[in-house]
Amino acid sequence: TPALLLGFSRSPGSFLTRLDFSSSTIAQEGMYSLGHIQTLRSLNFTGCTFDDGALTIFIKTIVKACHPNPPGVSHLNLTKCSHLTDCGISAISSLPLLQMLDLTDLNVTDDGIAPLIRQGTFDKHMTHLSLSRTKISDVVIRVIVNMDHTSDRDSHKLKKSRKESPLSSLQHLKLCSLALSEASLAFLWLLPSLCVVDLYGTWHSEECVDRMRELCRQNRGKKVTLRYLGGKISISNGEGVSDTEKGYQWGFDCKPQPK
């Protein structure tokens with residue numbers, strides 16, 4: 001309840017760092033109270049029914065409560081929060097320490113996601129991002145690799161964009177069941193820290209995989225894993241592609257990683 005949450009926030013030495021509100025009903029009053037808990041690090045709101053206004057109130061409140069330091073929230077799961085739109089998502093830019101952001105199954109578009117990423121707020125910290133089953137297009141993918149105004153064939157600018165990506169620390173990216181072009185998908189491998197991409201349900205051809213492998217070979221030596229419908233492939237130094245582990249799956253854990 002709002003009173004209980006507010007009570008936690010006022011307790012000396014509050015220890016609450018992780019809360020799971022999956023499939024709960026939280027009104028704006030409750031989100032306001034939640035915002036006063038300065039110790040929060042991980043929040044799971046999967047399936048919650050609050051709207052843009054409630055999310056904005058929570059973020060504005062916790063930003064004010066933590067001032068002059070930024071809020072310490074590092075894990076935020078908004079999967080299936082069906083009342084959220086581009087308007088509410090914009091407030092997330094005030095959480096610069098986010099490491100994991102899950103926006104799966106949200107009614108959000110390029111208009112909300114592209115500006116959020118383009119700001120560069122999450123450059124140093126974000127390692128996990130899910131945009132699966134949203135309404136984004138190639139526009140967002142090009143923003144992620146900083147290719148908004150770059151021709152696919154311009155190798156000099158591509159190399160530059162790799163260094164200046166607004167998500168240069170990104171390691172895991174979920175893009176399931178989206179309508180994306182193969183050209184944009186291939187250039188994801190320009191991201192310097194990317195290790196895993198989940199394309200389950202997102203169509204791509206063998207030619208697309210070959211292009212990914214070549215870019216991987218040219219730009220880095222570390223192993224990269226791509227999950228697709230029916231299994232996964234590993235791409236390493238352009239040395240080959242092997243089909244293994246049928247049914248391979250991975251997901252986000254809202255538990256902060258141990259230091």
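Excluded from the calculations below are hydrogen atoms, water molecules and symmetry mates; all remaining heavy atoms, backbone and side chain alike, are included.
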Student: Under 4.5 Å between any side-chain heavy atoms of Leu170 and Leu129, yes or no?
Tutor: yes
Student: Would you confirm whether Thr39, through its side chain, and Leu16, through its main-chain N or O, come within 3.5 Å as a donor-acceptor pair?
Tutor: yes
Student: Please name all residues satisfying side-chain contact (heavy atoms from CB on, under 4.5 Å) with Asp52, sequence neighbours left out, ordered by chain then number.
Tutor: Leu84, Thr85, Cys87
Student: Would you say Leu106 and Cys81 make side-chain contact, with heavy atoms under 4.5 Å?
Tutor: yes
Student: With a 4.5 Å heavy-atom cut-off, do Gln99 and His128 have their side chains touching?
Tutor: no
Student: Taking the side chain as C-beta and beyond, is there a heavy-atom pair between Ile144 and Leu191 under 4.5 Å?
Tutor: yes
Student: Restricting to non-hydrogen atoms, name the atom on Leu43 and the atom on Phe58 that form the minimum distance, rounded to 0.1 Å.
Tutor: CD1-CZ, 3.3 Å
Student: Which heavy atom in Val143 sits nearest to a heavy atom in Ala114, and how many Å separate them?
Tutor: CG1-O, 3.8 Å
Student: Determine yes or no for a side-chain-to-main-chain donor-acceptor pair under 3.5 angstrom, with His36 supplying the side chain and Tyr32 the backbone.
Tutor: yes
Student: Quick check for you: to the nearest 0.5 Å, what is the distance between Ser193 atom OG and Met126 atom CE?
Tutor: 13.5 Å
Student: I'd like to know whether Ile62 forms a side-chain contact (heavy atoms from CB on, under 4.5 Å) with Ile37, so could you lay out the CA-CA distance, the side-chain angles of the two residues, the decisive distance to 0.1 Å, and finally the verdict.
Tutor: CA-CA 7 Å; Ile62 199 169; Ile37 306 178; over 6 Å; no
Student: Under 3.5 Å, is there a donor-acceptor pair between the side chain of Thr202 and the main chain of Ser177?
Tutor: yes
Student: What heavy-atom pair brings Cys66 and Pro71 nearest, and what distance separates the two atoms?
Tutor: SG-CA, 3.9 Å
Student: How long is the straight-line distance from CG of Leu103 back to CD1 of Ile113, given to the nearest 0.5 Å?
Tutor: 5.0 Å
Student: Answer yes if the side chains of Ser181 and Asp138 hold a donor-acceptor pair under 3.5 Å, and no otherwise.
Tutor: yes
Student: Out of Arg41, His125, Met100, which one pairs with Ser74 under the side chain to side chain contact (heavy atoms under 4.5 Å, CB included) rule?
Tutor: Arg41
Student: For Ala54 and Met31, which heavy atoms make the closest approach, and how far apart are they?
Tutor: O-CB, 3.5 Å
Student: Gln38 side chain to Ala65 main-chain N or O, any donor-acceptor pair under 3.5 Å?
Tutor: yes
Student: Sequence neighbours excluded, which residues qualify as ring pair (Phe, Tyr, Trp, His ring centres under 6.0 Å) partners of Phe50?
Tutor: Phe45
Student: Which heavy-atom pair separates Gly72 from Leu97 by the least distance, and what is that distance?
Tutor: CA-CD1, 4.1 Å
Student: With Asp51, which residues qualify under side-chain hydrogen bond (donor to acceptor under 3.5 Å, both in side chains), at least two apart?
Tutor: none
Student: Return the CG to NZ distance between Leu199 and Lys174, rounded to the nearest 0.5 Å.
Tutor: 11.5 Å
Student: Please round to the nearest 0.5 Å and tell me the distance separating atom CG of Leu101 and atom CD1 of Ile92.
Tutor: 5.0 Å
Student: Do Ser130 and Thr104 pair up side chain to side chain, a donor and an acceptor below 3.5 Å, judged on atom types alone?
Tutor: yes
Student: Which atoms form the tightest heavy-atom contact between Gln171 and Leu194, and what is the distance?
Tutor: O-CD1, 3.6 Å
Student: Report yes if some heavy atom in the side chain of Ser94 is under 4.5 Å from a heavy atom in the side chain of Lys60; otherwise report no.
Tutor: no
Student: Is there side-chain contact between Leu76 and Asp102, with heavy atoms separated by less than 4.5 Å?
Tutor: no
Student: My understanding is that only one of Ile117, Leu180, Leu116 makes a side chain to side chain contact (heavy atoms under 4.5 Å, CB included) with Val140; could you say which?
Tutor: Ile117
Student: To the nearest 0.5 angstrom, please state how far the OG atom of Ser82 sits from the CG atom of Asn107.
Tutor: 9.0 Å
Student: Would you mind reporting whether Phe122 and Leu167 have side-chain heavy atoms less than 4.5 Å apart?
Tutor: yes
Student: To the nearest 0.5 Å, how far apart are SG in Cys48 and CG in Leu55?
Tutor: 10.5 Å
Student: Can any side-chain N or O of Asp110 pair as donor or acceptor with the backbone N or O of Ile136 at less than 3.5 Å?
Tutor: no
Student: Measure from the side-chain N and O atoms of Ser24 to the backbone N and O of Ile26, and report whether any donor-acceptor pair falls under 3.5 Å.
Tutor: no
Student: For a 4.5 angstrom cut-off between non-hydrogen side-chain atoms, does Leu34 reach Leu40?
Tutor: yes
Student: Is there a donor-acceptor contact under 3.5 Å from the side chain of Asp123 to the main chain of Ser168?
Tutor: yes
Student: Output yes when a side-chain donor or acceptor of Thr46 lies under 3.5 Å from a complementary backbone atom of Ser22, and no otherwise.
Tutor: no
